[in-house]
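Take a look at the structure set out below.
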Amino acid sequence: MGPSKVPAKGKAKAAIAKGKAKGSATKVKKTMTKKAASSTSKEALFQRGKVDKGLIKAATTMTREQFVKHQEGMDDKWPLPDHMKGDKGHMQFKDETYEHITRWMAETPIEYRPHAKSPGSKSHLRYEKYSKAKTVGEALRLGSYPVDWCWDFERGFIKVKGEPLRDEPLDISKGEDGKITDVDRAINTWYIRELAKQLGMKPAELSASAGWGESVHIRALRLLAQREASDRLEAADREGRMITDEEVLLTLKRWPFYRNPWRKNVMQPGKTWVFSDSLGLLRDRQGDVHLTAPTRRYPQVAELLGRWLGDRLPAEAKDFTWTSINVNCNYAAAVHRDNGNFGPSFIKAFGDFTGGELDYWPEDAREGDVKDLPKKEKQSFDLGKGLVLFNGNCAHAVQPFEGSRYSLVYFTLGCHPSVKVEDRERMKNIGFPLPATNEDPFKLLRPPKGYLKKAGATPAKKELPAYRCYEAAAIPNSRRKPKSAAEVRKIAKARLQPENARSFYNSEQRRAQREEDNMEF
């Protein structure tokens, strides 16, 4: 997150309407306040606002010499978090810090570095009080707030000593996990305000602009992902280069995922949801084929992910087309077959992880249950090191892994010929190359032969492969012509603009669309 200009008052809604809400640096500021106390009262020492220096001096019992003695050897015992890379925090918190703090709970055990702040300041007095806490809930009761936790965490003053920790930030608007604690409310209120500041908006404006099913958290983070993706596309245009792996990973890290309960075929036993979103085309449960709402609301995220692949297509796969991208986070898919894909899929994994190889049965012709597939016939691929073109209608799975793993699967819906003209134009704008309506699904990979082979069958002399694997070194390094500032602005203006309707596909909208379609005939 970098500093940027905050929109003038009264322009935030207009900025959202254009999908270009500007951001601002995350400034350190408390979000929970109490009734102001007199600057000369003892209560003022532990509340916001200026305090009489004489009161601070009178309340301070530690000398400078004692403080210096306390610091001996403490930097080694209390190192900075790994994500700080040896650099103490400044006036702007890092994304990784937010990821940590927003997962804390009232019962999360913590430990503070003793006497970490220099005497002679209000911060020292507050720290001496709240650093006695052994849990996050105690720290809140003793007068520290989420902004203090971020500040102290980035400087190595506070450690988490174990669980419980949340898997993801709590969305209290959904009433998750039953009981909502004071810590949950404090983190939720503070985090929403921090996100709103980065977007140059008010929390109420964020809430009002959220789409159907979007929490304020998800809306804010996806707006940030959209803004940053747009900036990265413009940078790539200006510099005449490809979108980098690092830019894709940063975009995926920023993107907040829904708990998707519908992809049951990929879930391991006992799981009821996975982190998975779809960009591009989708066939919904009413049979309609249309662009997903996230694609229309955050089109530059989809464009960036599509452009990453489009610039890397190997020569023999240069005619690969896709209508959709499955965007997945941190789950190892069970053995499954995709349903109704047209042609092959490209797949790539990103992140800091070990394991997570793709297992694939290239000759699976869907002749029986996936549990009966011959294990010795599977192929395994390290998706962190290259691209794989495979037939998603054949059985495949992901091996267990450790770390943070994202994957992108580019594929085409079998019902792609029925896409509406306006959606076809939108997809062309974001760089999704749709197949022709009469395209051959086996132009890049041959059909699977099955594992129940007939005796005496002989392979064709020059048949296509059942899969293609490309190591990183074999992937083309495409270059574009660098653009001038004026050209970059022109390209940006022509890009598909975000739409911000609360819903695109409710029953009334579907009825109106059907009536419009009937009038055309």
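On a predicted model such as this, the values are computed, not experimentally measured, just so you know. Residues take their numbers from the sequence shown, with the count starting at 1.
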Report summary line: What one should report as the nearest heavy-atom pair of Leu464 and Leu444 is CD1-C, 4.0 Å

Query raised in the report: Rounded to the nearest 0.5 Å, how far does NE2 of His217 lie from CZ of Arg222?
Result: 14.0 Å

Report task. Enter the distance from Ser484:OG to Lys490:NZ here, rounded to the nearest 0.5 Å. Result -> 10.0 Å

Query raised in the report: Is any side-chain heavy atom of Gln399 less than 4.5 Å from a side-chain heavy atom of Ser380?
Result: yes

Query raised in the report: Are any side-chain N or O atoms of Asn326 and backbone N or O atoms of Val409, one a donor and one an acceptor, separated by less than 3.5 Å?
Result: no

Query - Minimum side-chain heavy-atom gap Trp262-Ser276 below 4.5 Å - result: no

Requested in this report: Check whether any side-chain N or O of Ser324 sits under 3.5 Å from a backbone N or O of Gly280 as a donor-acceptor pair, and report yes or no.
Outcome: no

Query - Under 3.5 Å: donor-acceptor pair, side chain of Glu228, backbone of Ala225 - result: no

Query raised in the report: Any luck finding a side-chain donor-acceptor pair between Asn328 and Arg263 under 3.5 Å?
Result: yes

Requested in this report: State plainly whether the residues Lys481 and Glu487 are in salt-bridge range, i.e. N to O under 4.0 Å.
Outcome: no

Report summary line: Heavy-atom closest pair (Ile475 atom, Arg312 atom, distance to 0.1 Å) is CG2-CB, 3.4 Å

Query raised in the report: If only atom types and distance count, is the side chain of Ser230 paired as donor or acceptor with the main-chain N or O of Arg227 below 3.5 Å?
Result: no

Query raised in the report: Do the ring centers of Phe346 and Phe320 come within less than 6.0 Å of each other?
Result: yes

**Report entry** N-O pairing of Arg254 and Asp95 below 4.0 Å
**Finding:** yes

Query raised in the report: Taking the six-membered ring of Tyr145 as reference, does the NZ or CZ atom of Arg185 fall below 6.0 Å from its centre and within a 45° cone about the axis?
Result: no

**Report entry** Which atom of Leu221 lies closest to which atom of Pro256, heavy atoms considered
**Finding:** CB-CG, 3.6 Å

Query - side-chain contact (heavy atoms from CB on, under 4.5 Å) between Thr323 and Met427, worked out - result: CA-CA 8 Å; Thr323 63; Met427 296 181 73; 4.0 Å; yes

Query raised in the report: Do NZ/NE/NH1/NH2 and the carboxylate oxygens of Lys420 and Glu422 come within less than 4.0 Å?
Result: no

Report summary line: Distance col, row Arg495:CZ vs Glu303:CD, nearest 0.5 angstrom, shows 4.5 Å

Query - Side-chain touch Ile187/Val183, heavy atoms, less than 4.5 angstrom - result: yes

Requested in this report: Verify, without hydrogens or angle tests, whether Glu234 (side chain) and Asp231 (backbone) share a donor-acceptor contact under 3.5 angstrom.
Outcome: no

**Report entry** Qualifying salt bridge (charged side-chain N to carboxylate O under 4.0 Å, His left out) pairs, either residue in residues 330-358, two or more places apart
**Finding:** Arg337-Asp364

Query - Donor-acceptor contact present, side-chain Arg479 to main-chain Gly240, <3.5 Å - result: yes

Query raised in the report: Would you say Thr244 and Trp308 make side-chain contact, with heavy atoms under 4.5 Å?
Result: no

Query raised in the report: Can the positive tip of Arg446 be found less than 6.0 Å from the middle of the six-membered ring of Phe442, inside 45° of the ring normal?
Result: no

Report task. To the nearest 0.5 Å, tell me how far Phe257 CZ sits from Trp273 CH2. Result -> 11.5 Å

Query raised in the report: Is a side-chain donor-acceptor pair under 3.5 Å present for His290 with Asp284?
Result: yes

Query raised in the report: Checking Glu99 side chain against Glu96 main chain: does a donor-acceptor pair fall under 3.5 Å?
Result: no

Query raised in the report: Distance from Leu383 atom CG to Cys469 atom SG, nearest 0.5 Å?
Result: 8.0 Å

Query raised in the report: With ring centroids as reference points, do Phe93 and Trp149 lie under 6.0 angstrom apart?
Result: no

Query raised in the report: Is the NZ or CZ atom of Arg296 both under 6.0 Å from the centre of the six-membered ring of Phe504 and within 45° of that ring's axis?
Result: yes

Query raised in the report: Does a side chain donor of either Arg219 or Asn500 reach within less than 3.5 Å of an acceptor in the other side chain?
Result: yes

Query raised in the report: If you count the non-hydrogen atoms of other residues, nucleotides and ligands that lie under 6.0 Å from CG in Asp167, is the total more than 12?
Result: no

Query raised in the report: Hey, does Glu316 have a side-chain heavy atom less than 4.5 Å from the side chain of Arg468?
Result: yes

Query raised in the report: Are the side chains of Arg426 and Glu499 in touch, meaning some heavy atoms are under 4.5 Å apart?
Result: yes

Tabulate below the donor-acceptor pairs under 3.5 Å that side-chain atoms of residues 79-89 make, not counting sequence neighbours, or state none.
residue	atom	partner	partner atom	Å
His83	NE2	Thr97	OG1	2.9
Asp87	OD2	His90	NE2	3.2

Query raised in the report: With distance as the sole test, does Tyr258 use its side chain to make a donor-acceptor pair with the main-chain N or O of Ile218 at under 3.5 Å?
Result: no

**Report entry** Closest approach of Asp423 to Leu291 (non-hydrogen atoms, all atoms of both residues)
**Finding:** OD2-N, 3.4 Å

Report task. Could you walk me through whether Leu206 and Leu199 pass the side-chain contact (heavy atoms from CB on, under 4.5 Å) test, one step at a time? Result -> CA-CA 9 Å; Leu206 258 183; Leu199 291 161; 3.9 Å; yes

Query raised in the report: Under a 4.0 Å N-O cut-off, is there an ion pair linking Lys483 with Asp237?
Result: no

Query raised in the report: Between Arg405 and Val398, is a side-chain contact (heavy atoms from CB on, under 4.5 Å) present by the stated rule, with each step listed?
Result: CA-CA 11 Å; Arg405 182 184 185 275; Val398 173; 3.7 Å; yes

**Report entry** Distance flag, aromatic centroids of Tyr467 and Phe381, threshold under 6.0 Å
**Finding:** yes

**Report entry** Backbone N/O of Asn341 and side chain of Asn393: donor-acceptor pair under 3.5 Å
**Finding:** yes

Query raised in the report: Are Leu413 and Phe342 close enough that some pair of their side-chain heavy atoms sits under 4.5 Å apart?
Result: no

Query raised in the report: Between Asp184 and Arg166, which heavy-atom pair has the shortest distance, and what is it?
Result: OD1-NH2, 3.0 Å

**Report entry** Rounded distance (nearest 0.5 Å) linking atom CG of Leu233 with atom CD of Glu247
**Finding:** 8.5 Å

Query - Arg232 side chain near Leu250 side chain, heavy-atom distance below 4.5 Å - result: yes

Query raised in the report: Given the side-chain rings of Tyr98 and Trp190, with only the six-membered ring counted for Trp, is the space between their centroids under 6.0 Å?
Result: yes

Report task. Might you point out which heavy atoms bring Thr108 and Pro164 nearest each other, and give the distance in Å? Result -> OG1-O, 2.6 Å

Requested in this report: Any chance you could lay out the side-chain contact (heavy atoms from CB on, under 4.5 Å) test for Thr295 and Ile430, step after step, and finish with the verdict?
Outcome: CA-CA 9 Å; Thr295 310; Ile430 61 174; 3.9 Å; yes

**Report entry** Glu194 side chain to Tyr191 backbone, donor-acceptor under 3.5 Å
**Finding:** no

Report task. Answer with yes or no after comparing the ring centroid distance for Tyr406 and Trp255 against a 6.0 Å cut-off, counting only values under it. Result -> no

Query - Exceeds 12 heavy-atom contacts within 6.0 angstrom, atom CZ of Arg155 - result: yes

